[in-house]
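First comes the structure, then the notes that go with it.
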Amino acid sequence: MKEELEKRYDPASFEQRIYATWEKEGYFTPIADPERPKFSIVIPPPNVTGRLHIGHALVNTLQDIIVRWKRMSGFNTLWLPGTDHAGIATQMVVEKHLAAQGISRFDIGREAFVERIWEWKEQHSTEIKDQLTRLGASCDWSRERFTLDEGLSQAVRYVFVKLYEDGLIYRDLAMVNWCPQCRTAISDVEVEFEERQSKLYHVDYPVDGTDRRLTVATTRPETMLGDTAVAVHPDDERYADLIGNSIRLPLTDRSIPIIGDAILVDPEFGTGVVKVTPAHDKNDYETGLRHQLAQLQVIGEDGRMLPAAGEAFANLDRFEARRRVLAMLEEQGLLLKAQDYTHSIGIHGKCATVIEPMVSRQWFVKIAPLAGPAIEAVRNGSVQITPQSWESTYFNWMENIHDWTISRQLWWGHRIPAFHCPNGHTTVTMDDPTQCPQCGSAVTQETDVLDTWFSSGLWPFSTMGWPDEKAADYETFYPTDTLITGFDILFFWVARMIMMGLRFTGKAPFSQVFLNGLVRDEQGQKMSKTKGNVIDPLDVVNEVGADALRFTLAVSASGRDIPLGKSRIQGYSAFVNKIWNASRFAMMHIDDSLKDAPPIERDRLRTVERWILSRLNAVTAEVNKQLSLFRFDEASNALYQFFWHEFCDWYIEMAKPVLLGRSGTDDDRKLAHRVLLEVLDRSLRLLHPFMPFVTEEIWQKLGGVEPSIMIAPYPMTEKDLEDPDAERLMNATKAIITAVRNARAERGFTPKDRFRLHVRGASDRDSNFFRDYAYLLTDLARLDEVSTEGEPPAEAHQDVVEGFHIAITFPEKVVTQEQLDRVRREIERGEKELAALDAKLANEQFLQNAPPIVVQTAQARQAELRTRLGMLQQNQ
RNA sequence: AGUCCCCUAGCUCAGCUGGUUAGAGCGCUACCUUGACACGGUAGAGGUCAGCGGUUCGAGUCCGCUGGGGACUACCA
């Protein structure tokens, strides 16, 4: 039956208890029901590197909102959780951890090191689950996956073998992005570009057999030790005659050719002479191929100079070598100048080390055959990206995509299933070969592992039992419906999933993608530890509860970046508090539980009740619509406005006289109780996806048929509840009350002072409304009498609002200068508006072209304004 | 360099396919401890919608240009 709520809203007292109940009851697990349509979504697997940050809180809150909404809306709903092994990132974290104990991974060896990472992983995936739990994420934990799980690893191997057999995976010697810190190759998307202040050095190279010199311009003088040519533009008059000659490379004993190359050289830039280092620069590498130049590697995998760089430089760090080279050039008078130069350089996003382009034997995915269908899928709408503006970014990238470097020289990850024999044969099969199938000799497995994103690219189907196409989850839940993730992994992850999904399952892995923005601080700054403006989601949950955090994130999420500050969170935690208190009030008057409540008899309802139900119906429509558009901000804001400013501020206040027995009959009271219960019930259900805990805590006390609000049906619109006439009358009521309060405050009266009000509507019916519902006005506008008959007293303050003439009789005419000024300003504003309206309505073009409703509105406004201005002047 | 986004109240933002008196939250001012809530209530101040030009009967909304800010991609000897 009826239960009381605690006086104080204290989220900590119930949130964790409620989550445990949900999980225990199995509400997160989809119920196999062929009658229900399915809805599925996979979590963007967080890295097992550490704690979740506010961005995770955002993306998972948004997913949970959609998931809870769909589940309540009758879908057989799966939200599949899990974590990503995050190759480099995790390996780095654990290495750092070990380094603190003075251990390097090489000390303990690959096997022991990987074992350490597994320990780390166990610990952190538990922590991640705990954090998601605190947020209220309704993930089906019975299906939790990890990218290195047995099943997922099988999928990875299957895909690798298949792509290899299809000729889409190949191994080759090529220019790659090398990170000397992590000592591994990385893919193009992992390289971030940073603008840096640098120098453009002009260095003289003496031409052999003459006393001429060519001046090259370079930002990386240390790579000159690996130069194997100097290039000029073939049409450049200054140097064309030198093509074919050779040059003495300073600091070395080598002579290198002068070549003409129109692709590499822009005669306008620098000196028009380019040094060519095919082993350490992407463009030089290609130039080298065009001219069959030697590739002389002078920088090693650790970023130190190799013996080939010469005795003076061997073993120096590349930046140290740069200083040494410059000093020696200076000594020899070959360094002409060093001009300031700002350019962007490639940085490894994970460790901030400057990338060293290097020629290396690596594994690649031939991407064009995969990209084509993925472009088409977005173009033809089988995958929709929201906000839509990201589509052009997607196309732009996909159309210019390069082959994907997938091998990593790491220990943590899926080891590449390729086996080599001493005779140079490579075997790639589903099962490990015991000997080389071609020559019978012993084989050893490739030591490299795969790029983390190779396995995450399969996530929507590898988590569901694929490649077994008969796996129950795969059959039921694949393809998934919605993907919610940050825009920062559009290329890393989203694009790869689309490519892999289409290639291997023949279907796009999801039909809708919502890309959320970055969470920033309230000044719009990126959150970072160094700036100290980081908000830890768990701190917020501990302080104000998960519901307030979730609602704040939702109401801020329009698809753009989100400025999140303490004050904003505080503001919305006030809303949760408001819900709590309004519910407490309602529950003091509700006498039936939801289960026992009789159906509402529509035709016995008073206008006020019909009005609030009509508004509730409108907000129900709005929330459902906005959620389907991923407008979390609009959906949550509509609920906020309705619950606080319509339900609490107006409906509850209007119901009080009846509820408290000051007005109306017992029947009226019973109906008000019933409607209060109805509105509260539906509001809580509408709010549940946004604030699951507080709505559950309150709803439990309302005694519903279902054991939990999270499996109760989500409200849908009902045509019967629409009532435009009730809305019109209540709008007028609200406007009249506001007008009276306004006049009261203007004249400096306090709420204790009471006046007489005369109201007259445009029709008898309207006037009679206030004869029947005078108590609404007397209570809320604090009046002692409301009359609807006869004429208003001449000395009364008169106004016209929403088509009703009102006249307030104040006990005495206290008029301040301030008030006079205000009225004068109001009249001036009105006159201006009226003049504009008059002009508009006198315009034949307007009358002809504007839709009739616009003209009518303008005419009505004109009429009301005229009357009103007259009254305001008379009030003076 | 290319693509995209943004510039609306002191701050952070909403304003959908052009049409009422341009809205919200926070902040600010005044009043109110009214039997759910001071994390409350009531009233109020505050905007030449970045600037210029165009289309239109009508532009915060569409188009162009300028200025300012941001994101991404590519290149940069």
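So you know, we letter chains A, B, ... as the sequences are listed, proteins then strands, and number each from 1.
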Task: Inter-nucleotide C1' distance (B:U48, B:A59), Å rounded - done: 15 Å
Task: Distance between P atoms of B:G10 and B:G51 (Å, rounded) - done: 14 Å
Open item on the list: Using atom C1' in both nucleotides, what's the gap between B:A45 and B:G68 to the nearest angstrom?
Closed with: 30 Å
- [ ] For A:D753 and B:C32, give me the distance from atom CG to atom C1', rounded to whole Å.
- [x] 12 Å
Task: First of A:S389 and A:A582 reached from the 5' end of RNA chain B, by closest nucleotide - done: A:S389
Open item on the list: One thing to verify: whether A:R861 and A:E833 come together as a salt bridge, which I'm taking to mean a side-chain N less than 4.0 angstrom from a carboxylate O.
Closed with: yes
- [ ] Return the value, rounded to whole Å, for the distance between atom CZ of A:F632 and atom P of B:A24.
- [x] 25 Å
TODO: Hunt down the Watson-Crick or G-U wobble partner of B:G58, both distances under 3.5 Å, from any strand shown, or write none.
DONE: none
Open item on the list: Check A:E399 with A:R379, please: is the shortest side-chain N to carboxylate O separation under 4.0 Å?
Closed with: yes
Open item on the list: Between the side chains of A:R868 and A:E826, is the shortest nitrogen-to-carboxylate-oxygen separation below 4.0 Å, so that they form an ion pair?
Closed with: yes
- [ ] Tell me the partner of B:C13, counting only Watson-Crick (N1-N3 plus N6-O4 or O6-N4) or G-U wobble (N1-O2 and O6-N3) with both under 3.5 Å; none if nothing fits.
- [x] B:G23
TODO: Would you mind reading off the distance between A:R584 atom CZ and B:C39 atom C1', rounded to a whole angstrom?
DONE: 13 Å
Task: Euclidean distance, atom CZ of residue A:R782 to atom P of B:A43 [Å, nearest integer] - done: 13 Å
Open item on the list: For A:F491 and A:W397, take the angle between the two ring planes, folded into 0 to 90°, and tell me which bin it lands in: parallel under 30, tilted 30 to 60, perpendicular over 60.
Closed with: parallel
Task: Closest-nucleotide ordering on RNA chain B, the 5'-leading residue of A:T271 and A:N581 - done: A:N581
- [ ] Provide the distance between the two P atoms, one in B:U17 and one in B:C6, to the nearest whole Å.
- [x] 12 Å
Open item on the list: So A:L865, base contact, sugar-phosphate only, or nothing? Heavy-atom distance under 4.0 Å.
Closed with: nothing
Open item on the list: Check the phosphate of B:G58 against A:N843, side-chain N and O only, distance under 4.0 Å to OP1 or OP2. Yes or no?
Closed with: no
- [ ] Could you tell me whether A:Y201 contacts a base, only the sugar-phosphate backbone, or nothing, with contacts defined as non-hydrogen atoms closer than 4.0 Å?
- [x] nothing
Open item on the list: Mind checking if A:S556 touches a base, just sugar-phosphate, or nothing, with heavy atoms under 4.0 Å?
Closed with: nothing
Task: Nearest-Å distance for atom pair CD/P, residues A:E192 and B:U73 - done: 8 Å
Task: Nearest-Å distance once atom C1' is located in both B:C31 and B:C4 - done: 50 Å
Task: Presence of salt bridge, A:R744 and A:E746, under 4.0 angstrom - done: no
TODO: Send over the distance from A:L490 CG to B:C4 P, rounded to a whole Å.
DONE: 16 Å
Task: d(OH, A:Y9; C1', B:C39) in whole Å - done: 11 Å
- [ ] Under a 3.5 Å limit for both distances, which nucleotide forms a Watson-Crick or G-U wobble pair with B:G44, could you say?
- [x] B:C28
TODO: Return the nucleotide paired to B:C39: Watson-Crick means purine N1 to pyrimidine N3 with N6-O4 or O6-N4, wobble means G-U with N1-O2 and O6-N3, both under 3.5 Å.
DONE: none
- [ ] Sticking with atom C1', work out how far B:A24 lies from B:G15, rounded to a whole angstrom.
- [x] 10 Å
Open item on the list: So A:F491, base contact, sugar-phosphate only, or nothing? Heavy-atom distance under 4.0 Å.
Closed with: sugar-phosphate
Task: Distance-only side-chain donor-acceptor flag, A:R220 / A:T223, under 3.5 Å - done: no
Open item on the list: Return the pairing partner of B:C65 with a 3.5 Å limit on both distances, Watson-Crick or G-U wobble; otherwise return none.
Closed with: B:G51
Task: Short N-O contact, A:R8 and A:E6, less than 4.0 angstrom - done: no
TODO: Please determine if A:R866 and A:D838 form a salt bridge, counting it only when a charged side-chain N lies under 4.0 Å from a carboxylate O.
DONE: yes
TODO: For nucleotides B:U42 and B:G25, find the distance between their P atoms and express it as a whole number of Å.
DONE: 11 Å
TODO: Look at A:K7 and B:C37 and indicate whether a side-chain polar atom (N or O) is within less than 4.0 Å of OP1 or OP2.
DONE: yes
Open item on the list: Does a side-chain N or O of A:W644 approach OP1 or OP2 of B:G41 to a distance below 4.0 Å, or not?
Closed with: yes
- [ ] Taking the side chain as every heavy atom from C-beta outward, state whether A:L564 and A:I569 have any atom pair closer than 4.5 Å.
- [x] yes
TODO: When you get a sec, tell me which of B:C72, B:A43, B:U33 is the closest nucleotide to the side chain of A:K752?
DONE: B:U33
Open item on the list: Measuring only the C1' atom in each nucleotide, how far is B:U12 from B:G69? A whole number of Å is fine.
Closed with: 16 Å
Got a list of protein N/O to nucleotides 46-50 of chain B N/O distances below 3.5 Å?
none

Task: Watson-Crick/G-U partner (both atom distances under 3.5 Å) of B:C72 - done: B:G2
Open item on the list: Please confirm whether the shortest side-chain N or O distance from A:K566 to OP1 or OP2 of B:G27 is below 4.0 Å.
Closed with: no
Open item on the list: Check the phosphate of B:C75 against A:K282, side-chain N and O only, distance under 4.0 Å to OP1 or OP2. Yes or no?
Closed with: yes
TODO: Answer yes or no: does a side-chain N or O of A:H645 lie under 4.0 Å from OP1 or OP2 of B:G25?
DONE: yes
TODO: Quick one: label A:R662 by what it contacts on the DNA or RNA (base, sugar-phosphate, nothing), any heavy atom closer than 4.0 Å.
DONE: base
TODO: Look at all strands and tell whether A:Q641 reaches a base, only sugar-phosphate, or nothing, counting heavy atoms closer than 4.0 Å.
DONE: sugar-phosphate
TODO: Assign a letter to each nucleotide of nucleotides 12-22 of chain B from its 5' end: B, base within under 4.0 Å of a protein heavy atom; S, sugar-phosphate only; -, no contact.
DONE: SSSS---B-B-
Open item on the list: For a quick check of understanding: with a heavy-atom distance under 4.0 Å over all strands, which category does A:D284 fall into, base, sugar-phosphate or nothing?
Closed with: nothing
TODO: Specify the separation, in whole Å, of atom CD1 of A:I345 and atom C1' of B:A74.
DONE: 17 Å
- [ ] Look at the side chain of A:K578 and the base of B:C39, then say whether one donor and one acceptor between them are separated by less than 3.5 Å.
- [x] no
Open item on the list: Tell me whether A:D784 is salt-bridged to A:R754, with the criterion being a basic N under 4.0 Å from an acidic carboxylate O.
Closed with: no
Open item on the list: I want to check something: taking the side chain as every heavy atom from C-beta on, are A:F585 and A:I652 in contact at a cut-off of under 4.5 Å?
Closed with: yes
TODO: For residues A:F632 and A:F690, establish whether the separation of their ring centroids is below 6.0 Å.
DONE: no
- [ ] Quick one: label A:A574 by what it contacts on the DNA or RNA (base, sugar-phosphate, nothing), any heavy atom closer than 4.0 Å.
- [x] base
TODO: Using a cut-off of 6.0 Å, state whether more than 12 heavy atoms not belonging to A:E828 lie near its atom CD.
DONE: yes
